[in-house]
Amino acid sequence: MFTNRARSQWPRVIPIILLLVGVAAMIGAYQLSLGQLNQPGAGLWPFIVGAFLTLTAAVLFFVQDPSECEQWNRRALGIVAGLASLGLFIVLFQMIGFLIPAFLMLALWLKTFGEEPWRLAVPLAVAGAVVMHFLFVVALGVPFPKDIVVTLFSALGV
Amino acid sequence: MDALNNLALGFSVAFDPMNLLYVFIGVVVGTAIGVLPGLGPTATIALLLPVTLTLDPTAAVILLAGIYYGSMYGGTITSVLLRLPGEAASVVTTFDGYQMARQGRAGPALGISAIGSFVGGTVSVIGLVLLAPVLADAALAFGPPAFVALMVLGLFLVTSLGTGSTIKALCMAAVGLLLSAIGQDLVTGKPRFTFGQTSLFDGLDFVAVSMGLFGVGEILYNLEQTEKVQAFTSKIKNIWPSRKDLKDSSGAIARGSVLGFFIGILPGGGGVLSSLASYAMEKRRAKDPSRFGHGAIEGVAGPETANNASSTSGFIPLLVLGIPSNVVLALLFGALLVHGITPGPQMMTNHPEVFWGVIASMFIGNLMLLALNIPLVGFFVQMLRIRAGILVTFAVLVVMVGVFSISNDVFDMWVVLVFGIIGWIMKKTGFDPGPLVLAFVLGPILESSVRQSLLLSGGSFTIFVTDPISLTIFIALGAGVILGFVGRGRRRLVANKQEKVAAE
C-alpha cells in the first residue's frame, strides 16, 4: 500500500524541480542587473519569465493529477540504459572517431531494442556504420573527429 | 488583379524544375516516413531539419511543407489500415477508416481521404491568396505592443487548445521562454545563463532542441510502448471511390474544407481540433448517426478534408503574422529564422518569392499526393513491414550525426541527448513538448517586442492597455480564459453529477 502510494506521488517531484529552476532563474537574472523599466537590463526579461515559471509551477504543484503520469517499469530501465549508451557514444565519438562507436551502438540497439539475433544485428551494424561513414564523411564532407580505424587502415596502406 | 499576379509569381517559383523536385521529394519522403512505424510528422520534420539548412530558403520551406502534408497523409494510411494514427489529428480517421478497412473497403477510404485532402487544401490555398494580403496590410499597422498581445494570445491558445492540461502547458511555455533567453543579450551584449560555456554564447540551437525533444524523445517513448505491429497482408483494391461514395461524401468534403480553413486560421487551431469538429458536425448532420464508428465514409472524408484545409490555412498566421499555430509550423518558423527570414507582415513584401512560392507549391504538392496515392499506395503499405526496432536504431544514429553536422560541434550532440531525455520524461509525465518549442521559437521576438514597447512608453506597462489593438486582443484573451474556466467548471459539475448518479 505504502509503496503504491509513494510510487503514485513521484510526479510531484516535477513541479518542485520546475519551481526551483524558476527561482534560480530569477536569482540569476537579478544578478545580471534588471535595469530600469525604461532602460531594461539584460536580466529583466529572464526575471519576468522566471517569475512566470515559478508561479505556474507552484499552481501545478497543487492541481497536478498524478494519474496522468506513467509508472516506471522494466522497459523504462531499458530506455535509461539506451540513453547511457548514447552518452557513451558521444564520448567515444570524440575520442576515437565514428566507426567503432557507431558499430557498437547499432549492434547494441539492434540486439536489445530491435530484438534481432546477433547474426543479423552484427552485419547490419557493420554495414550501417560503414555506409554512414561514407555518406557523411566522404560524400557530404562533414569533418568528423579523427577516426582510429581510418588511421589504422591508411597506416597499413589500404 | 493583385492576387492573380502574386499567384503567378508563386507558380513561376514553384514550377522551377528544382523546386518541383523538392515538392516531389518532400511529399514522397513525408508519406513514406509518415507510414513508417514510430515516426510522426513532428519527428520527421525534426529529423530532416539539418538537411534543409543546406538548401536555399524557398527550397527548404517547400521541402518541409511537402514533408508536413505528406506525412499527414502517411498517418492516414496507417490509421485506416492498422488503426495506428501517426499523430493526434488522424485519431479521428481511425474511427471509421479502420472499420471500412475491416469491411474490405480500405481502398475507397484511402482514395476519399486523398480526394478530400486535395479539395480541402485547394480551397484553403484560394482562401489564403485572398485573405493573406488583406491581413498583412492590417498587420503592418501593428506596433510592438500589438505584437506582444498577439504572441501572448498565440501562446495561450496553443496551451489551452492543445492536448493535456493547460497549467502544464503554461509551465512548459515558461520553460521554453527561459531556454530561449540563454545566450548573449542582443541589446546589452551580456551573456545570460551560459555558465562559461562558449557553445552557449549563441544560445541553444533550435534544431538541436527540437531534434532532441521530438526526434529522440518521441522515438524513446515509442520504443518503450512498443506494441507489435501486425502485418497488413490483404491487397488493397479500388482506390478510386465509386460514384456513390463520392456522392455520399461530397457534402462532408465541402463542409470540411470551409470548417478546416477557418479553424486553421486560429492560433492553435490546426490539426486535431479541425478533424474533431468536422467529425462531430458530420455525425450531427447525418440522418442515421449510428452508422458512424461502423465505417461511414463521411466520417473519413470530412475530418481528412478539414485536417488538410486547416494545416494549409495554418500558414496564414505563420507567414502573415509570424505566429506559428502548432508545433510543426513552429519548426517551419524556426527553419525560416535559421535562413534569415523572419515570418511576419513584411515577409510578403521582402521575400515575395518565398511567400508565394511556398503557397503555390502546396497546391502542386496536394495534386502530387492525389496522383501518387493511386500507384504508390501498395509500395507504402510494403514499408509497414520494416521492423520498428531496426528503423529506430538507425534514426537515432542519424539524428546524432546529423546534429553534429550542423555546426561540427559535439556540444550539439549533448544538447540533443539532454533534450531527448527531457522529452521522454515529459511524455511519460503528461507534458506536451509543443508549447515548449513554440515558446522557445517565439521567445526572442517576444522579448524584443516587450522591450520596444517599454522603450516607447518610457517604462510603463500601461502601453499594453492604451494601445487599442493590444487592448482589444487582451480583452478577447481575458474573455476567452474566463469562458474557458466557466465551461470547464460546468463540465466538471455535470461529470460529478453523472458519477453520483452512476454510483447510486
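First the proteins, then the strands, lettered A, B, ... as listed; each starts at 1.
With a 4.5 Å cut-off on non-hydrogen atoms, B:Ala181 touches chain A through its side chain but not through its backbone. Both the backbone and the side chain of B:Trp414 come within less than 4.5 Å of a heavy atom of chain A. Looking at B:Val175, both its backbone and its side chain come within 4.5 Å of chain A, counting heavy atoms on both sides. Contact of A:Leu55 with chain B is not made at all, since no heavy-atom distance falls under 4.5 Å. For a residue to count as touching a neighbouring chain, one of its non-hydrogen atoms must lie under 4.5 Å from one of that chain's; by this rule B:Val416 does not touch chain A. Looking at B:Met413, both its backbone and its side chain come within 4.5 Å of chain A, counting heavy atoms on both sides.
Contacts with chain B were tallied for A:Val63, A:Ile90, A:Leu108; A:Ile90 has the most, counting heavy-atom pairs under 4.5 Å. Ranked by heavy-atom pairs under 4.5 Å with chain B, the list A:Pro145, A:Ala25, A:Gly114, A:Pro15 is led by A:Ala25. Annotation: maximal heavy-atom pairing with chain A below 4.5 Å, among B:Leu170, B:Ile390, B:Thr54, occurs at B:Ile390. Your options are A:Gly50, A:Gly78, A:Ala102, A:Gly87, and the one with the most heavy-atom pairs under 4.5 Å with chain B is A:Gly87. Counting heavy-atom pairs closer than 4.5 Å to chain B, the top residue among A:Thr112, A:Leu120, A:Leu18, A:Leu135 is A:Leu18. Ranking A:Gly28, A:Ala76, A:Gly128, A:Ala57 against chain B, the residue ahead of the rest is A:Ala76, based on heavy-atom pairs under 4.5 Å. Between chain A and the residues B:Leu397, B:Leu177, B:Val396, B:Leu455, the largest count of heavy-atom pairs under 4.5 Å involves B:Leu397. If you tally non-hydrogen atom pairs under 4.5 Å between each of A:Val21, A:Val49, A:Val80 and chain B, the highest count goes to A:Val49.
By the neighbour-count criterion of 12 heavy atoms within 6.0 Å, atom NZ of B:Lys190 is densely surrounded, having more than that number from other residues, nucleotides or ligands. More than 12 non-hydrogen atoms from other residues, nucleotides or ligands lie less than 6.0 angstrom from CZ of A:Phe144.
Taking CG of B:Leu391 as the start and CZ of A:Phe113 as the end, the distance is 14.5 Å to the nearest 0.5 Å. Going from atom CD1 of A:Ile79 over to atom OH of B:Tyr221 covers 11.0 Å, rounded to the nearest 0.5 Å. Atom NZ of B:Lys428 sits about 10.5 Å away from atom CD1 of A:Ile14, to the nearest 0.5 Å. In this structure, CG on A:Leu83 lies 5.0 Å from CG on B:Leu220, to the nearest 0.5 angstrom.
Residues forming a side-chain hydrogen bond (donor to acceptor under 3.5 Å, both in side chains) with B:Ser460 (at least two apart in sequence, or on another chain): B:Thr462. When the side-chain hydrogen bond (donor to acceptor under 3.5 Å, both in side chains) test is applied to B:Thr466, no partner is found at least two apart in sequence or on another chain.
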Apply side-chain contact (heavy atoms from CB on, under 4.5 Å) to the pair B:Leu454 and A:Leu44, showing each step before the final yes or no.
CA-CA 11 Å; B:Leu454 287 177; A:Leu44 180 67; 4.1 Å; yes
Does the pair A:Phe89 and B:Leu417 meet the rule for a side-chain contact (heavy atoms from CB on, under 4.5 Å), with working shown?
CA-CA 11 Å; A:Phe89 168 79; B:Leu417 184 58; over 6 Å; no
Walk me through whether B:Phe394 and A:Val131 qualify under side-chain contact (heavy atoms from CB on, under 4.5 Å).
CA-CA 11 Å; B:Phe394 280 94; A:Val131 167; over 6 Å; no
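Residues A:Pro46 and B:Phe193 share a closest heavy-atom pair of CB-CE1, 3.6 Å. Counting all heavy atoms, side chain and backbone alike, B:Arg451 lies closest to A:Ala42 at NH2-CA, 3.7 Å.
Ring-centre distance between B:Phe404 and A:Phe93: below the 6.0 Å cut-off.
Between A:Trp45 and B:Asp185 the shortest side-chain heavy-atom distance does not fall below 4.5 Å.
With hydrogens and angles ignored, the 3.5 Å screen pairs no side-chain donor or acceptor of B:Arg192 with any backbone N or O of A:Leu32.
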